[in-house]
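For this chain, numbers begin at 1 and follow the sequence in order. When reading the values below, keep in mind they use all heavy atoms of this one structure, side chains included, and skip hydrogens, waters and symmetry mates.
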Amino acid sequence: MKTEGEWMSIPAGIPNCPRGLEYLTSIDQLLVKQKVELLEAFTGFETNNKFSIKNALGQKVYYAIEDTDCCTRQMCGPARPFDMKIFDNFRNEVMHLHRPLACSSCCFPCCLQSMEVSAPPGNVIGTIEQEWTICSPAFRLKNHVGDTVLRIEGPFCTFSFCGDVEFQIVSLTGENIGKISKQWSGFAREIFTDADFFGITFPLDLDVRMKAVLLGALFLIDAMFFEKSGNRESDGIGMLS
């Protein structure tokens with residue numbers, strides 16, 4: 001019997017799979033929970049974000065730790081560039097996410113957000129690139145050779161107050177094949193912290209590298225739309241968040 005909270009066993013014998021991504025071959029859903037930092041909750045002082053990543057059974061798959069210096073966190077707030085390190089049960093860094101510094105403005109197509117996903121670190125397997133939109137956010141997901149494989153289409157309103165916010169994962173033929181959901185986590189938690197709950201679903205047979213890129217997209221969406229500056233709520237309408 002599998003116990004909630006235990007670590008997921010690593011699948012064996014997966015050919016042509018980047019080290020550490022074997023876990024993703026047998027799942028079609030991930031649950032991401034941000035750890036509440038007491039210093040940040042009470043003072044608004046930005047700390048490095050930490051996340052636990054679990055499967056649908058509640059078993060731990062990975063944990064993620066932001067790697068950003070203190071000055072950058074305080075000066076840039078939610079718009080900050082960051083590196084995110086994703087580790088497995090054996091404390092091996094199996095994925096590395098890099099968000100470069102970019103201005104955030106819906107009025108200029110040159111001010112677009114992006115993220116690079118590497119697995120293992122140093123081996124780029126894909127990128128997430130924001131598309132220029134004014135009303136509803138959208139992203140292109142590219143593979144390691146730069147071909148667009150999937151798109152993400154966000155809602156017009158990204159307010160998370162009292163309800164889930166869903167970003168649809170769309171194939172190149174326009175079919176909805178999954179979603180990234182920012183889940184309502186309760187009044188006190190929403191108001192006083194920026195610690196979020198997310199869920200992501202995707203096809204079981206999706207290429208394991210694109211599953212990892214979708215996980216990176218989840219962290220980019222969190223940073224763009226649901227991080228708060230000094231714990232002040234900043235969710236909004238479309239790209240005006």
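- You'll find the side chain of Ile65 stays beyond 4.5 Å of the side chain of Met84, heavy atoms only.
- What you find for Thr25 and Lys211 is that their closest heavy atoms are O-NZ, 3.9 Å.
- Pairs of residues two or more places apart, or lying in two chains, that qualify as side chain to side chain donor-acceptor pair (under 3.5 Å) and include a residue from residues 138-154 are Glu129-Arg140, Glu129-Lys142, Glu131-Arg151, Arg151-Glu153.
- Contact record, Val165 with Pro155: CG1-CG, 3.6 Å, taken as the closest heavy-atom pair.
- With hydrogens and angles disregarded, no donor-acceptor distance shorter than 3.5 Å links the side chain of Tyr62 to the backbone of Lys54.
- Atom CZ of Phe87 and atom CE of Met95 lie 11.5 Å apart (nearest 0.5 Å).
- In this structure the side chain of Phe197 never reaches within 4.5 angstrom of the side chain of Val32, judged on heavy atoms.
- The side-chain heavy atoms of Thr201 and Asp28, taken from C-beta on, include no pair separated by under 4.5 Å.
- Taken together through direct or relayed side-chain contacts under 4.5 Å among Ile, Leu, Val, Met, Phe, Trp and Tyr, Met210 and Ile14 form parts of separate hydrophobic clusters.
- The closest donor-acceptor contact from the side chain of Gln59 to the backbone of Met8 lies at 3.5 Å or more, if one exists at all.
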(message) Determine whether Ile53 and Lys60 satisfy the following criterion, side-chain contact (heavy atoms from CB on, under 4.5 Å), listing intermediate values before the conclusion.
(response) CA-CA 6 Å; Ile53 303 167; Lys60 300 174 185 177; over 6 Å; no
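- Gln29 and Asn55 are not linked by any side-chain donor-acceptor pair at a separation below 3.5 angstrom, with hydrogens and angles left out of the test.
- Of all heavy-atom pairs spanning Asn16 and Pro18, the tightest one is O-CD, 4.1 Å.
- A pairwise comparison of heavy atoms in Pro81 and Pro100 identifies CB-C, 3.8 Å as the closest pair.
- The CD atom of Gln183 lies 11.5 Å from the NZ atom of Lys33; values are rounded to the nearest 0.5 Å.
- A pairwise comparison of heavy atoms in Cys17 and Glu22 identifies SG-N, 3.6 Å as the closest pair.
- In this structure, CG in Leu215 is found 12.0 Å from CG in Leu220, a value given to the nearest 0.5 Å.
- Within the 4.5 Å cutoff, the side chain of Tyr63 has no heavy atoms near those of the Ile86 side chain.
- Scanning for ring-ring contact (aromatic ring centres under 6.0 Å, His included) contacts around Phe51 gives Phe219, with sequence neighbours left out.
- At a threshold of 4.5 Å between non-hydrogen side-chain atoms, the residues Ile152 and Ile221 count as touching.
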Using side-chain contact (heavy atoms from CB on, under 4.5 Å), reason through Ile200 and Leu214 one step at a time and then give a plain yes or no. CA-CA 8 Å; Ile200 179 171; Leu214 282 168; 3.6 Å; yes
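- Taking the side chain as every heavy atom from C-beta outward, Ile128 and Val213 approach each other to under 4.5 Å.
- Criterion: ILVMFWY side-chain heavy atoms under 4.5 Å apart, direct or through other members. Under it, Leu24 and Ile10 are part of a common hydrophobic cluster.
- Contact of the Asp83 side chain with the Leu97 side chain is not registered, since no non-hydrogen atoms from C-beta on lie closer than 4.5 Å.
- Looking at Asn92, its side chain never comes within 3.5 Å of a backbone N or O of Val94 through a donor-acceptor pair.
- Nearest heavy-atom pair, Ile125 versus Ala212, reported as atom, atom and distance to 0.1 Å: CD1-CB, 3.7 Å.
- Note: the hydrophobic cluster containing Leu31 does not contain Leu206 (ILVMFWY, side chain heavy atoms under 4.5 Å, direct or indirect links).
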With side-chain contact (heavy atoms from CB on, under 4.5 Å) as the test, would you mind laying out the steps for His98 and Met115 before giving the verdict? CA-CA 6 Å; His98 174 66; Met115 177 175 281; 5.9 Å; no
Hey, can you pull the donor-acceptor pairs under 3.5 Å for the side chains in residues 172-180, sequence neighbours left out?
{"residue": "Thr173", "atom": "OG1", "partner": "Ser171", "partner atom": "OG", "Å": "2.8"}
{"residue": "Lys179", "atom": "NZ", "partner": "Glu166", "partner atom": "OE2", "Å": "3.0"}

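- Side-chain contact between Leu150 and Phe139: absent, with no pair of heavy atoms (C-beta onward) separated by less than 4.5 Å.
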Review point. Can you list the steps and then say if Asp88 with Glu93 is a side-chain contact (heavy atoms from CB on, under 4.5 Å)?
Key: CA-CA 7 Å; Asp88 65 9; Glu93 185 182 356; over 6 Å; no
